[in-house]
Amino acid sequence: MSELLLVRHGETEWSRSGRHTSWTDLPLTADGEEQARALRPLLSGRRIARVYTSPMARAVRTAELAGLADPSVDPDLREWDYGGYEGSSTAEIQRDRPDWYLFTDGVAPGPAGHPGESPEQVGARADRVLARLAPHLAAGEGAVALVAHAHFLRVLTARRLGLPPAAGGCFTFETGAVGLLGTEHGRPAVVAWTARAL
């Protein structure tokens, strides 16, 4: 069974300030570009059979700078649709909803085309990605790399481990960092998390 290599894109202006960013297609900051470049030596020593990226520019650019060649764009790797909370920080949202927690409460409805997603909807997207990757992981040809976004990758990790989508809240994921999902005794397991060295 091959490993699943998860890469969070480098820093953007909004990730630096803690603002929820899904469909707003922000570029990497200079620090974000450096974070992505710093992943190159870490990833170059691994046998990577396939690379998939979110369609967002920040993910595509991270893959490029990290040396992950010829990625396939997968729309299901996009970030959680934050709906009406796009561009807001958790602190701002909690002024009106003091106990709000993304992984259990979801988001407020957003503008046309961006209605927002519940944790279960994000989990269903993650399940689709994992189902498509299952034959490649089983083939054992090398790691499968996904370059995407923090909240989505956290939910995907929970689903890979057989946990409900809300369990994604148990993981954090820094910008320009890597998570590695493998197996132990034939069962999915976290091998490394939010790492900058493996």
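The model shown is predicted, which means the values in this text are computed figures rather than measured ones. FYI, side chains are in, hydrogens and waters are out, and symmetry mates aren't considered; it's all heavy atoms of this structure.
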Quick one: side chains of residues 168-191, donor-acceptor pairs under 3.5 Å with protein atoms, not counting sequence neighbours, listed by atom name and distance.
from : atom 1 : to  : atom 2 : distance (Å)
T175 : OG1    : Q35 : OE1    : 3.1
T175 : OG1    : Q35 : NE2    : 3.2

Acceptor/donor pairs from residues 103-115 side chains to any protein atom, 3.5 angstrom cut, sequence neighbours excluded:
from : atom 1 : to   : atom 2 : distance (Å)
T104 : OG1    : Y101 : O      : 3.3
D105 : OD2    : Y101 : N      : 2.8

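Applying the side-chain contact (heavy atoms from CB on, under 4.5 Å) test to V129 and every residue at least two apart in sequence or in another chain returns D74, D76, L77, R132, L133, L146, F152, L156. Applying the side chain to side chain donor-acceptor pair (under 3.5 Å) criterion to T24, with sequence neighbours excluded, gives E86. Under the rule for a salt bridge (charged side-chain N to carboxylate O under 4.0 Å, His left out), the partners of E34 that lie at least two apart in sequence or sit in another chain are R37. Every residue two or more places apart in sequence or in another chain that forms a side-chain contact (heavy atoms from CB on, under 4.5 Å) with S2 is listed here: L137. For R61, the side chain to side chain donor-acceptor pair (under 3.5 Å) partners two or more places apart in sequence, or in a different chain, are E33, E64. Partners of Y85 by side chain to side chain donor-acceptor pair (under 3.5 Å), not counting sequence neighbours, listed by chain and number: R97. Judged as a side chain to side chain donor-acceptor pair (under 3.5 Å), and not counting sequence neighbours, the contacts of T29 are E11.
You'll find the side chain of T157 stays beyond 4.5 Å of the side chain of L4, heavy atoms only. Put simply, the side chain of P165 reaches to within 4.5 Å of the side chain of R159, judged on heavy atoms. Between T12 and H9, some side-chain heavy-atom pair lies under the 4.5 Å cut-off. For the pair H151/V122, no side-chain contact is recorded, criterion being any heavy-atom separation below 4.5 Å from C-beta on. No side-chain heavy atom of R40 sits less than 4.5 Å from a side-chain heavy atom of L65. No side-chain heavy atom of R19 sits less than 4.5 Å from a side-chain heavy atom of E13. Between T53 and T62 there is no side-chain heavy-atom pair separated by less than 4.5 Å. S22 has its side chain within reach of Y82: a pair of non-hydrogen atoms, C-beta onward, lies under 4.5 Å apart.
Here the CZ atom belonging to R8 is positioned 9.5 Å from the NE2 atom belonging to H149, to the nearest 0.5 angstrom. A distance of 6.5 Å separates OG in S54 from CZ in R58, rounded to the nearest 0.5 Å. To the nearest 0.5 angstrom, D127 atom CG is 11.5 Å from R125 atom CZ.
Test L6, V147, T194 against L153 for side-chain contact (heavy atoms from CB on, under 4.5 Å) and you get one pass: L6.
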task = For side chain to side chain donor-acceptor pair (under 3.5 Å), just list the numbers for S89 and H20, CA-CA rounded to whole Å, side-chain angles, deciding distance to a tenth of an Å, and then say yes or no.
result = CA-CA 6 Å; S89 69; H20 289 83; over 6 Å; no
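Of all heavy-atom pairs between A158 and P164, the closest is CB-O, 3.5 Å. The two residues A66 and L39 make their nearest non-hydrogen contact at CB-CB, 4.0 Å. Taking all atoms of both residues into account, the shortest heavy-atom contact from E79 to E117 is O-OE1, 4.2 Å. Contact between L163 and A167 at its shortest, heavy atoms only, is CB-CB, 3.7 Å.
Hydrophobic clustering places W193 together with V144 (ILVMFWY residues linked when any side-chain heavy atoms are closer than 4.5 Å, directly or through intermediates). Side-chain heavy atoms closer than 4.5 Å link hydrophobic residues (I, L, V, M, F, W, Y) into clusters, and following such links, possibly through other members, connects V155 to L130.
W14 belongs to a hydrophobic cluster whose remaining members, ordered by chain and number, are L26; membership requires side-chain heavy atoms of ILVMFWY residues under 4.5 Å apart, directly or through intermediates.
Sorted pairs that involve residues 123-145 and meet ring pair (Phe, Tyr, Trp, His ring centres under 6.0 Å), not counting sequence neighbours, are lacking altogether. Pairs of residues two or more places apart, or lying in two chains, never qualify as ring pair (Phe, Tyr, Trp, His ring centres under 6.0 Å) while including a residue from residues 49-70.
Under the 3.5 Å distance criterion, the side-chain polar atoms of Q94 are left unmatched by any main-chain donor or acceptor of A91.
Salt bridge status for E3 with R46: present, with a side-chain N to carboxylate O gap under 4.0 Å.
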